[in-house]
> 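This is the structure, below, for whatever I ask next.
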Amino acid sequence: MKILVTGGAGYIGSHTCILLLEAGHTLVVIDNLSNSKALSLSRVQEITGQSLVFVQADIRDETAMFELMKSHAIEAVIHFAGLKAVGESSQIPVNYYDNNVGGTLALLKAMQKAEVYNMIFSSSATVYGDPQTVPITEDFPLTATNPYGWSKLMVEQILSDLQASDPQWSVTLLRYFNPVGAHPSGLIGEDPNGIPNNLLPYIAQVAIGRLEKLSVFGDDYPTPDGTGVRDYIHVMDLAKGHLAALERNTNRAGRHVYNLGTGQGYSVLEMREAFAKACQREIPYVVSERRPGDIAECWADPAWAQQDLDWSAELGLEEMTTDAWRWQSRFPNGFEE
Ligand code: NAD
Ligand code: UDP
C-alpha cells in the first residue's frame, strides 16, 4: 500500500517505518522535525535497505497534505505527528490544541478532499485518566487530566464523529501504554529533547553518565513496593501492532479501538533494577515527592487486540532494557552529530 506517515521521523514512527518497509509498503513520511531529526529516517533506510520519500512539512498545512496525498496516490494515513510532553502541555495548552487537534483537522480535511478514508491514529492510555481498576479494557470510561490528554480525547471524538457521519471511513484508534526500547540494531531509538520526562530514557541517561541519579517520584503508592506501576511495551512490538491494525482494518470500514500494551505491570524500582542488569552498571536513585497528576498503577488488558488483530506483545523486560541500552551506549547523544 501507499501510506502517508505523519510524524514518521519521531520515536514510534521511525520504528514503525522499518516494519512497514519490510512488509513491502511504499512510504511518504512527513514531519516538521520539531521533535526529531531527519537522520532517523536515513537510519531506517540503512536498516531496511529500502527507500522512502521524506518531506519536511507540517500537518497543519492542509494544501501541502492534500497535494502530497494526490501526487503519491496515498491509500492510508498513519498519524503519529503531535506534541507529547504532558507537563509542557499545561504551560502552553494553545500550542498543544493547535498542533494536535488543529493539525489533525487539517489532515482530515485534506484526506476527505483526496478521498483517502483509512486512518490509524496514535492515541494513549492517558485517555483512561485515573482508572478505578486494572487491567484496563477498551470500554473503560474516558477522561483527561491535562491538555495533552484532552487533545488525544478530542481527536478520538472527532474521528469517531467523522466515521459515524460517513461510514466509508475506517478509523483505528491505538491506545499505547508505555513505549520503551529501541530497534535491536541500536541504530535508532528514543532521543528526547533536554532532560527526559519519561522513566526509561531518564534511567538510560543516568547509566551513561549524562545525569547523576534517578528521582523516584513517590514510594508511598498502594502498590507492592510503593512505586508507580506501568505497562511498558517494546517499541518494536508496538510497531508490529500498527501493521496488524493496517492489515485488519484496511477495507473494513468502521471505528476500531485497541489497547496496545503487554498486560503486565512493572514498578519504577523493578525498571531500575532491570536496566542496571542490562547495562551492568549502578543506577543511583533517591526517592522524591510524587509527581503531580501521576497515578498509582496503569496496565492494559490486551485481550481485544489479541482476538481481533491476532497481535500480542512478545518482547519482555530484558529485550526492552537491553535494546534501549544498546542504542544509548552506541549513541550517547542520540541523533546529535
Ligand atoms: P515523537 O515526538 O518522537 O514523534 C512525533 C513526531 O511528530 C516528531 O518527529 C515531531 O517532529 C512530529 N510533529 C509534531 N508536530 C508536528 C506537526 N504539526 N507537523 C508535522 N510533524 C509534527 O513522539 P513519539 O513518542 O514517537 O509519539 C508518536 C505519537 O504517539 C504522538 O502522537 C504521541 O502523542 C503518541 N503517544 C506517545 C507515547 C509515548 O510515550 N512515546 C504514548 C502514547 C501516545
Ligand atoms: N518516574 C519516576 N522518575 C522519573 C520519571 C518517571 O519515578 O524521572 C515514574 C512515574 O512517577 C511513573 C513511572 O515512572 O510512575 C512512568 O512515568 P513516565 O513519565 O515514563 O510515564 P507515564 O507517567 O506517562 O505513564
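As the structure is a prediction and not an experimental result, all values here were calculated from the model. Ligands are counted one by one from 1 in listed order, and the atoms in each one are counted from 1 as well.
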> Yes or no on side chain to side chain contact (heavy atoms under 4.5 Å, CB included) for R290 and Y221, after CA distance, side-chain angles and deciding distance?
CA-CA 9 Å; R290 288 183 179 194; Y221 284 103; 3.5 Å; yes
> Answer yes if the ring centres of W327 and F335 are under 6.0 angstrom apart, and no otherwise.
yes
> Does the residue L33 have a heavy-atom contact with ligand 1, meaning some pair of atoms that are separated by less than 4.0 Å?
yes
> With atom 5 (C) of ligand 1 as the reference point, say which of G102, G82, A57 has the nearest heavy atom.
G82
> Could you establish whether G103 and ligand 1 come within less than 4.0 Å of each other, counting only heavy atoms on the residue side?
no
> For atom 20 (O) of ligand 2, grab the closest protein heavy atom and report residue, atom and distance to one decimal in Å.
L199 N, 2.9 Å
> Answer yes or no: are there more than 12 heavy-atom neighbours, outside N333 itself, under 6.0 Å from its atom CG?
yes
> Does at least one non-hydrogen atom of Y285 fall below 4.0 angstrom from an atom of ligand 2?
no
> Do R252 and D308 sit within salt-bridge range, that is, some charged N less than 4.0 Å from a carboxylate O?
yes
> Taking 4.0 angstrom as the limit and counting only heavy atoms of R230, give me the atoms of ligand 2 inside it, by number and element.
12 (C), 15 (O), 16 (C), 22 (P), 23 (O), 25 (O)
> Mark up the atoms of ligand 2 that fall under 4.0 Å of a heavy atom belonging to N178, in ascending order.
21 (O), 22 (P), 25 (O)
> Excluding sequence neighbours, so at least two apart, what forms side-chain hydrogen bond (donor to acceptor under 3.5 Å, both in side chains) with R291?
D294
> Do L159 and M69 belong together in a cluster built from hydrophobic side chains that touch within less than 4.5 Å?
yes
> Which label fits Y176 and F80: parallel for a plane angle under 30°, tilted from 30 to 60°, or perpendicular past 60°?
tilted
> What protein heavy atom lies closest to atom 18 (P) of ligand 2? Include the residue and the distance to one decimal.
N198 ND2, 3.5 Å
> Provide, to 0.1 Å, the distance between atom 9 (C) of ligand 2 and the closest protein heavy atom, together with that atom's residue and name.
V268 CG2, 3.6 Å
> Check if S14 has a non-hydrogen atom at a distance under 4.0 Å from any atom of ligand 1.
no
> Identify the closest protein heavy atom to atom 10 (C) of ligand 1: which residue and atom is it, and at what distance?
D31 OD1, 3.4 Å
> Within the 4.0 Å heavy-atom shell around S123, which atoms of ligand 1 are there?
43 (C), 44 (C)
> Could you identify the single nearest non-hydrogen protein atom to atom 11 (O) of ligand 2 and state the distance to 0.1 Å?
D294 OD2, 2.6 Å
> Scan S123, S151, S124 and name whichever one has a side chain to side chain donor-acceptor pair (under 3.5 Å) with E156.
S123
> For ligand 2, which atoms have a heavy atom of R291 less than 4.0 angstrom away?
10 (C), 17 (O), 18 (P), 19 (O), 23 (O)
> Can you sort out which atoms of ligand 2 are near V216, meaning under 4.0 Å from one of its heavy atoms?
7 (O)
> Would you say F177 and ligand 1 have an N/O pair spaced under 3.5 Å apart?
no
> Polar contacts were defined as any N/O atom of the residue lying under 3.5 Å from an N/O atom of the ligand; does this apply to I59 and ligand 1?
yes
> For atom 17 (C) of ligand 1, which protein heavy atom lies nearest, and how many Å away is it?
N32 ND2, 3.2 Å
> Considering the heavy atoms of S36, write down every atom of ligand 1 situated less than 4.0 Å from one of them.
8 (C), 9 (O), 11 (O)
> Please check if the number of heavy atoms outside Q306 that lie under 6.0 Å from its CD is greater than 12.
yes
> What is the nearest protein non-hydrogen atom to atom 16 (C) of ligand 2, stated with its residue, atom name and distance?
Y232 OH, 3.3 Å
> To which protein heavy atom is atom 3 (N) of ligand 2 closest, and what is the distance rounded to 0.1 Å?
S215 O, 2.8 Å
> Atoms of ligand 1 less than 4.0 Å from G10 heavy atoms?
3 (O), 4 (O), 9 (O), 26 (O)
> Of the protein's non-hydrogen atoms, which lies at the shortest distance from atom 40 (O) of ligand 1, and what is that distance?
P179 CD, 3.3 Å
> So if I count the atoms of ligand 1 from 1 in the order they appear, which ones are less than 4.0 Å from some heavy atom of S122?
29 (C), 30 (O), 32 (O), 35 (C)
> Heavy atoms only: which of N99, N35, N100, T104 lies closest to atom 18 (N) of ligand 1?
N99
> Is the NZ or CZ atom of R230 both under 6.0 Å from the centre of the six-membered ring of F177 and within 45° of that ring's axis?
no
> More than 12 heavy atoms of other residues, nucleotides or ligands under 6.0 Å from CG of D310: yes or no?
no
> Nearest non-hydrogen atom to atom 33 (C) of ligand 1 belongs to which of Y176, F121, Y148?
Y148
> Just which atoms of ligand 1 are under 4.0 Å from any heavy atom in S34?
10 (C), 11 (O), 13 (N), 14 (C), 15 (N)
> Could you tell me, atom by atom, which parts of ligand 2 come under 4.0 Å of a heavy atom of N197?
5 (C), 19 (O)
> Which of the atoms of ligand 1 are close to F80, meaning less than 4.0 Å from one of its heavy atoms?
28 (C), 29 (C), 31 (C), 32 (O)
> In terms of relative ring orientation, are H15 and H183 parallel, tilted or perpendicular, with 30° and 60° separating the classes?
tilted
> Answer with side chain, backbone, both or neither: which part of A125 has a heavy atom less than 4.0 angstrom from an atom of ligand 1?
neither
> With a distance cut-off below 6.0 Å to the six-membered ring centre and an angular limit of 45° from the axis, does R272 pair with Y202 as a cation-pi contact?
no
> Side chains of I78 and H242: closer than 4.5 Å at any heavy-atom pair?
yes
> Under 4.0 Å from ligand 1, counting heavy atoms only, is it the side chain of K152, its backbone, both or neither?
side chain
> With a cut-off of 6.0 Å (strictly less than), are more than 12 heavy atoms of other residues, nucleotides or ligands near NZ of K37?
yes
> Suppose we call two aromatic rings close when their centres sit under 6.0 Å apart. Are H256 and F121 close by that rule?
no
> Report the C-alpha separation of S160 and L173 in whole Å, then their side-chain angles, then the decisive distance to 0.1 Å, and conclude whether the side chain to side chain contact (heavy atoms under 4.5 Å, CB included) test is met.
CA-CA 9 Å; S160 304; L173 313 176; 4.3 Å; yes
> Considering only the protein, which heavy-atom contact is closest to atom 1 (N) of ligand 2, and what is its distance?
F217 CD1, 3.6 Å
> Kindly identify the option in K84, M65, H15 whose heavy atom sits closest to atom 25 (O) of ligand 1.
K84
> Is it true that E318 and K277 have a side-chain N and a carboxylate O under 4.0 angstrom from each other?
no
> Do ligand 1 and Y11 have nitrogen or oxygen atoms that lie under 3.5 Å from each other?
yes
> Any idea which protein heavy atom is nearest atom 26 (O) of ligand 1, and the distance to it?
I12 N, 2.8 Å
> Decide if atom CD of E289 counts as having more than 12 heavy atoms of other residues, nucleotides or ligands within a radius under 6.0 Å.
no
> For D237, is there any backbone N or O sitting under 3.5 Å from a side-chain donor or acceptor partner on E314?
no
